Amino acid sequence: MGYNFNAIEQKWQKYWKENKTYRVIENGDKEKFYVLNMFPYPSGAGLHVGHPLGYIASDIFARYKRLNGFNVLNPMGYDAYGLPAEQYAIQTGQHPAITTEQNIKRYREQLDKIGFCFDWEREIRTCDPEYYHWTQWAFIKMFNSYYDNKENRCKPIEKLVEKLSKEGSAGVDAACTKEIEISAQQWNSMSWKEKEETLMNWRIAFLNETMVNWCPKLGTVLANDEVVDGVSERGGYPVVQKKMKQWCLRVSAYAQRMLDGLDKIDWTESLKETQRNWIGRSEGTEMQFHVKESDTVFTIFTTRADTIFGVTFMVLAPESELVAKLTTEAQKNAVEEYIDRTKKRTERERIIDRNVTGVFTGSYAINPITGEEIPVWVSDYVLSGYGTGAIMAVPAHDSRDYAFAKHFGIEIRPLIEGCDVSEESFDAKEGIMKNSPTATFSACKLKLNGLTVKEAIAATKKYVTENNLGRVKVNYRLRDAIFSRQRYWGEPFPIYYKEGIPCPVPEECLPIELPDVEKFLPTESGEPPLGHAKIWAWDSVNNTICDKEKIDNKTIFPLELNTMPGFAGSSAYYLRYMDPRNHTAIVSEKADNYWQNVDLYVGGTEHATGHLIYSRFWNMFLHDIGVSVKEEPFQKLVNQGMIQGRSNFVYRIKDTNTFVSYNLAKDYDVTPLHVDVNIVSNDILDIEAFRSWRPEYANAEFILENEKYVCGWAIEKMSKSMFNVVNPDTIVEKYGADTLRLYEMFLGPVEQSKPWDTNGIDGCHRFLRKLWNMFFDKDDNLCISNNEPTKEELKSIHKLIKKTTEDIPSFSYNTTVSAFMICVNELSSLKCNKRAILEQFIILLTPFAPHICEEIWEALGHNTTVCDAKWPMYNEEYLKEDTITYTISFNGKARFTMNFAADAGKEEIESSVLANENTKKYLEDKPVKKMIVVPKKIVNIVF
RNA sequence: GCGCCUGUGGCGAAAUUGGUAGACGCGCCAGACUUAGGAUCUGGUGUUUUGCGACGUGUAGGUUCGAGUCCUAUCAGGCGCACCA
């Protein structure tokens, strides 16, 4: 019978389930270890062979840690809310709740076949009210918090109210939408409604009317990370800018902390760099410019304060409120026309078409240092969302300003010695300053001539600050996250509207469950589907949801119609796994203190600027309000690479039904066609399978080479349309889960992207069969001896113990698998059947191939699961060599080898090498300058 | 444009602090056992040469007794950010 993997795997999967082998409970006696995978959203296509890569890698780590005595949390769940799940439902014309349920079921079946050690009792689903209770709860907490810049943490909004009523805005240094100045008196005389409207300026979760990424096709707004190159990440539909009132999260308040936190966590440098870029810290100066013949003052932001003498025009973003203020009667028509034109362009059009456009407002600003009059223009190359939406333009030292100045014929005034600005601007922040104004502006005390750019920036900053012309300012590219979606399939907001003011429902009334609606499709105009819900009003007397028709705006109010975006549910799920069935808190203090944060997080790099930013923000917020003990949620992060598909092609001769083999195809006029990789083996086409694959190929003719049809191939994305999808179920059926696990790891480094190629899998399968045959004879009888192991056998197994113990923590799984293969080859050529050796081998292999190890472990007479075995220790004694071969080299060129006893000293080796006949012959009369002995490796004689 | 990463056989890939390449697996070649084999086992397999040997880690230099590894320049591929002032 031999190695019957199907029976073995079914048996043990059933055993694990029935005996709850992988259930984990908080246990203070054991050290904890928290392993986590980014949970999947259950798509309709099911798993392909690339998905489990990360799960297998972390499963191995989890099992390894468990064998080393740790209490390991390794949970799994589903990110079931959000656009992908909903789009799939829409495409198949079903209710998302139904498709989600189906897809989860299918995912679970596929996952179960691979033999993971997930504790399924802790499973969570983001669309489960029990779960999103705490998403809504966190939102209310954010609504009721503000960020104190001085203390660098968020605090309850009541503290802010207290300050406002005592000191007004003067006492407030907090993250805000815009700077507001009010006195305590003004605040205290405000109505409830006015106060609420004012507080929106500081809340962490706030309602704001801003320009948003509107995607008409998806019928919803999108966050910045959901828009790529001006089209939606999901579906690739055009995105336009639109002013809308939306819920936002004040992520930007945490920008500096998120930046600083990166130094404390163990992520790859490239991922940290991506986040640093996304946060986009830039240190500069804000300066105030007065407008000529007007009271208006406006502020600009620049990183090049040193170039203040080179300013020859100012530019406002078209969306800026200043435009209307500064436009003169004479220019009114031209400006309005320009703004109309820019509004109509989508983000994408603006990216593609970079022609210089702009219009003069008619106004002049006064240079705060020189008093010079500078024309103010409007142009869409200035962004309203960054800095202050207004810039001072220095065409000599900024390429965008340069293009603008050239186009409109504005003066270009170079400020750096020796730079040539006749063809292009000089953007580099280097050189010696020149052209500071002298006689003309004698009042000006700022002299920059002769300074380096760096010194000049510092000097200008100092001057500006001391003379109250502006201030030093740090700007971040990171924007606040837009948190509303005009979609059905998401968490409803726990918010009702009283006199148009949003009010959170009482915490004890959570969760507010997603209502049933007749029509859940999104609309192009942006009417949220929850508008169709009948039972969707808030009865503030009985604290319950009630029929919409009862709304009287006295005690019964309308509820928010938007839903939360996909990242809402995925931002704190790792906390919930610690205590998933807690009805009174997101996580108990006890569980939080025990599990702390995720020790090892495994997932794709595509979440670098989405989920991994939001999660860190969300966790920092929860940390501030005393929920999560750690500030950073994911201590170590490993990005598994993508598994690409390897497509195969057949070559059809044009206008025929004849297919020509790959190497002969160049002689014909052919069309390459994708062919299902599952009917191709080692690039050889299974002709019969091909004929029955599609009716039109039933009578296909072939031109063969060496009596075979050879297919071409290419590396492409794994997808249905390329016919290169490999389903893990097929592999498990044919080779077993243990082989699949081994092979996925053997394929290459976990972090690296690589194509899937089923061909190599035989090697891993052979290894397991070989292993099996070491334990069992042809009649399936255990044939193991209890004899003492030999020195060689001990050496072989201890080499393996050392290798696995060192490699698993560093994720070098591919070399670990190689080490297993080498060890089996060594042991089988030694004809080793010693229990003492093989038993240790089984423990070492358990993380990789748990099913076969359980089976053998049981056959060896153990009545406990191998998952609880003790990881063996290696003994250096066994690894020592008796003799060591040294390479004798002359001036770095190797000539011959010599053997020495392992404990031979340096002197001994040197003298024997010099006394050796070969050495003498080679050296003849050449004097030896020096001799280098590298232990265990080489003796180099330099002459 | 700025930043980060990666370049090693026919293929996936190994290579402690620089220590004298290509482990392991696939594929290929030869042999054995077979009626047969997409089975199993054994041996071989970087290039070049009959052989000794020579040459080989994208390219060109440098440091060193010795470089895949360190330094400089350059090329190619991938990723991130990008009218961010």
Side-chain angles (χ1 to χ4, degrees), chain A residues 228-229 268-282 284-285 300-305 307 314-315 317 350-351 353-354 356 379-383 385-394 397-401 403-404 427 475-479 605-606 608-609 639 641 646 681-684 686 708 713 742-743 746-749 751-767 769-770 773 806 812 814-825 886-887 889-894 928-943:
Chain A
V228 179
D229 289 335
T268 61
E269 204 39 54
S270 73
L271 190 65
K272 287 187 191 180
E273 200 55 35
T274 301
Q275 289 217 337
R276 285 192 195 107
N277 271 334
W278 188 258
I279 295 168
R281 183 182 201 273
S282 98
T285 315
I300 60 94
F301 174 79
T302 179
T303 54
R304 292 294 304 271
T307 59
M314 313 288 293
V315 189
R350 273 168 75 153
I351 291 167
D353 170 28
R354 293 205 175 176
V356 178
S379 174
D380 68 359
Y381 84 87
V382 171
L383 306 174
Y386 184 78
T388 59
I391 62 155
M392 63 178 214
V394 185
H397 302 295
D398 182 288
S399 51
R400 295 152 299 175
D401 298 344
F404 194 87
D427 289 16
N475 256 330
Y476 299 92
R477 206 189 66 92
L478 184 71
R479 313 282 178 86
T605 180
E606 67 273 16
T609 55
N639 286 122
R646 189 179 184 279
S681 170
N682 279 326
D683 294 335
I684 307 297
D686 180 336
K708 284 172 180 167
W713 60 273
L742 275 169
Y743 185 56
F746 185 67
L747 218 46
E751 298 91 334
Q752 200 170 299
S753 284
K754 58 235 160 190
W756 176 266
D757 185 356
T758 307
N759 289 326
I761 203 167
D762 287 325
C764 290
H765 191 60
R766 253 190 289 256
F767 157 74
R769 275 220 306 268
K770 217 182 247 181
N773 292 335
E806 285 170 358
S812 311
N814 55 335
T815 53
T816 315
V817 177
S818 297
F820 282 121
M821 291 174 176
I822 295 167
C823 189
V824 156
N825 285 340
Y886 283 75
T887 306
S889 117
F890 299 88
N891 277 353
K893 303 266 182 192
V928 175
K929 267 198 205 151
K930 70 176 155 172
M931 188 138 112
I932 295 144
V933 178
V934 178
K936 298 183 185 182
K937 292 282 184 180
I938 192 161
V939 179
N940 194 7
I941 300 165
V942 185
F943 55 81

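Order of the sequence lines sets the chain letters (A, B, ...), proteins ahead of strands, with each chain counted from 1. Everything quoted here is computed from the prediction, not taken from an experiment.
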Q: Measure across A:V382 and A:V315 and return the closest heavy-atom pair with its distance rounded to 0.1 Å.
A: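 Here A:V382 and A:V315 meet closest at CG2-CG1, 3.5 Å.
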Q: Check whether any side-chain heavy atom of A:N825 lies under 4.5 Å from a side-chain heavy atom of A:K770, and answer yes or no.
A: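 Result yes, sub-4.5 Å side-chain heavy-atom pair found.
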Q: Would you kindly give the CZ-to-C1' distance between A:R281 and B:A85, to the nearest whole Å?
A: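 About 17 Å, once rounded to whole Å.
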Q: Taking only nitrogen or oxygen atoms into account, show me every contact under 3.5 Å that the protein makes with nucleotides 12-20 of chain B, one pair per line with its distance.
A:
| unit_1 | atom_1 | unit_2 | atom_2 | d |
| --- | --- | --- | --- | --- |
| B:G12 | O2' | A:L747 | O | 2.4 |
| B:A13 | OP1 | A:Q752 | NE2 | 2.5 |
| B:A13 | O3' | A:N814 | ND2 | 3.2 |
| B:A14 | OP1 | A:N814 | ND2 | 3.0 |
| B:U20 | O2 | A:G892 | O | 3.2 |
| B:U20 | N3 | A:G892 | O | 3.3 |

Q: Residues in side chain to side chain donor-acceptor pair (under 3.5 Å) with A:D686, at least two apart?
A: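 So A:D686 forms no side chain to side chain donor-acceptor pair (under 3.5 Å) with any residue.
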Q: For Watson-Crick and G-U wobble pairs within 3.5 Å on both distances, what is RNA chain B written in dot-bracket notation, | included for inter-strand pairing?
A: (((((((..(((......[....)))((((((.......))))))(((....)))..(((((..]....))))))))))))....
Q: Please list residues of residues 385-394 of chain A whose heavy atoms come under 4.0 Å from any atom in RNA chain B, ordered by number; otherwise none.
A: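 Correct list: A:Y386, A:I391.
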Q: Quick one: side chain to side chain donor-acceptor pair (under 3.5 Å) partners of A:T268, sequence neighbours excluded?
A: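 A:T268: no side chain to side chain donor-acceptor pair (under 3.5 Å) contacts found.
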Q: With rounding to whole Å, what would you report as the distance between B:G43 and B:G25 at their P atoms?
A: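 Result for the P pair: 11 Å, nearest Å.
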Q: Roughly, in whole Å, what's the span from CG in A:N759 to C1' in B:C26?
A: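 About 8 Å, once rounded to whole Å.
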Q: Which atom pair, heavy atoms only, marks the closest approach of A:G387 to A:N475?
A: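 So the minimum-distance heavy-atom pair works out to CA-ND2, 3.4 Å.
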Q: What are the atom names and distances for every N/O pair under 3.5 Å that joins the protein to nucleotides 39-42 of chain B?
A:
| unit_1 | atom_1 | unit_2 | atom_2 | d |
| --- | --- | --- | --- | --- |
| B:U40 | OP1 | A:R769 | NH2 | 2.9 |
| B:U40 | OP2 | A:R766 | NH1 | 3.3 |

Q: Does the side chain of A:S889 pick up a donor-acceptor pair with the side chain of A:N940 at under 3.5 Å?
A: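 Checked: A:S889/A:N940 side chains pair up, N/O donor to acceptor below 3.5 Å.
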Q: A:R477 and A:N277: which non-hydrogen atoms are nearest, and at how many Å?
A: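 Minimum heavy-atom contact is NE-O, 3.4 Å.
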Q: Could you go over nucleotides 1-9 of chain B and give all protein N or O partners under 3.5 Å, atom names and distances?
A:
| unit_1 | atom_1 | unit_2 | atom_2 | d |
| --- | --- | --- | --- | --- |
| B:G3 | O2' | A:E273 | OE2 | 3.2 |

Q: Taking the P atom in each of B:G31 and B:G68, what is the distance between them to the nearest angstrom?
A: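 Looking at atom P only, B:G31 and B:G68 are 38 Å apart.
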Q: Nearest whole Å is fine: how far is B:G10 P from A:I684 CD1?
A: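 The distance from CD1 of A:I684 to P of B:G10 comes to 20 Å, rounded to the nearest Å.
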Q: Please measure how far the P atom in B:U47 lies from the corresponding atom in B:A82, and state the result in whole Å.
A: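 Those two atoms are separated by 47 Å.
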Q: A:T303 or A:T609: which one's nearest nucleotide on RNA chain B is closer to the 5' end?
A: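 Here A:T609 is the residue nearer the 5' end.
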Q: Using the P atom in both, what is the distance from B:A39 to B:C29, to the nearest Å?
A: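 Rounded to whole Å, the distance is 13 Å.
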Q: Nearest to the A:V382 side chain among B:G25, B:A85, B:A82, which nucleotide is it?
A: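 Closest nucleotide among those given: B:A85.
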Q: Taking atom C1' in both B:U48 and B:U40, what distance in whole Å separates the two?
A: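 Nearest-Å result for B:U48 against B:U40 at atom C1': 36 Å.
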Q: Looking only at heavy atoms, which two atoms of A:M821 and A:G763 are closest? And how far apart?
A: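 Looking at all heavy atoms of both residues, the shortest contact is CE-O, 4.1 Å.
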Q: For the pair made of CZ in A:R477 and P in B:C83, what is the distance, rounded to whole Å?
A: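 Rounded to the whole Å, the gap is 8 Å.
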Q: Between B:A67 and B:U50, how many Å separate the two P atoms, rounded to a whole number?
A: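 About 30 Å, rounded to a whole number of Å.
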Q: Which residues satisfy the salt bridge (Lys or Arg N to Asp or Glu O under 4.0 Å) test with A:R281, sequence neighbours excluded?
A: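 Here the qualifying residues are A:E283.
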Q: Within the 4.0 Å heavy-atom criterion, would you say A:N825 contacts the bases, only the backbone, or no part of the nucleic acid?
A: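 Here A:N825 touches the backbone only, sparing every base.
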Q: Got a sec, which residues hit side-chain contact (heavy atoms from CB on, under 4.5 Å) with A:Q752, two or more places apart in sequence or on another chain?
A: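 Result, side-chain contact (heavy atoms from CB on, under 4.5 Å) vs A:Q752: A:P749.
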Q: Tell me the closest heavy-atom pair linking A:Y381 and A:I391, and the distance in Å.
A: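 Residues A:Y381 and A:I391, closest heavy atoms: OH-CD1, 3.8 Å.
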Q: In whole Å, what is the span from the CZ atom of A:R646 to the P atom of B:C26?
A: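 From A:R646 CZ to B:C26 P: 16 Å.
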Q: According to ring-ring contact (aromatic ring centres under 6.0 Å, His included), who are the partners of A:F820, at least two apart in sequence or on a separate chain?
A: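 Once residues adjacent in sequence are excluded, the partners of A:F820 under the ring-ring contact (aromatic ring centres under 6.0 Å, His included) criterion are A:F841, A:F848.
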Q: Taking B:G58 as the reference, what is the distance to B:G10 when you measure between their P atoms (whole Å, please)?
A: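 The answer is 14 Å between these two P atoms.
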Q: Report the residues that fulfil side chain to side chain donor-acceptor pair (under 3.5 Å) with A:T388, sequence neighbours left out, ordered by chain and then residue number.
A: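 A:T388 satisfies side chain to side chain donor-acceptor pair (under 3.5 Å) with no residue once adjacent residues are dropped.
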Q: Over how many whole Å does the gap from A:L383 atom CG to B:A82 atom P extend?
A: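 Atom-to-atom, A:L383 to B:A82, this comes out as 10 Å.
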Q: Specify the glycosidic conformation (syn or anti) of B:G9, with syn defined as within 90° of 0.
A: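 Base orientation relative to the sugar is syn.
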Q: Looking only at non-hydrogen atoms, find the nearest pair between A:L271 and A:A608 and report the distance.
A: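 Closest approach of A:L271 to A:A608, heavy atoms only: CD1-CB, 3.2 Å.
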Q: Take atom C1' in B:U59 and the same atom in B:C75, then report the distance between them in whole Å.
A: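 Between the two C1' atoms, the distance is 7 Å.
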Q: Quick one: CG on A:L478 to CD on A:Q275, what's the gap to the nearest 0.5 Å?
A: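 That separation rounds to 9.5 Å.
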Q: Under 30°, 30 to 60°, or over 60°: which ring-plane class applies to A:W756 and A:Y743, parallel, tilted or perpendicular?
A: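 Correct class here is perpendicular.
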Q: Applying salt bridge (Lys or Arg N to Asp or Glu O under 4.0 Å), can you list everything that pairs with A:R304, at least two apart in sequence or on another chain?
A: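 A:R304 satisfies salt bridge (Lys or Arg N to Asp or Glu O under 4.0 Å) with A:D306 once adjacent residues are dropped.
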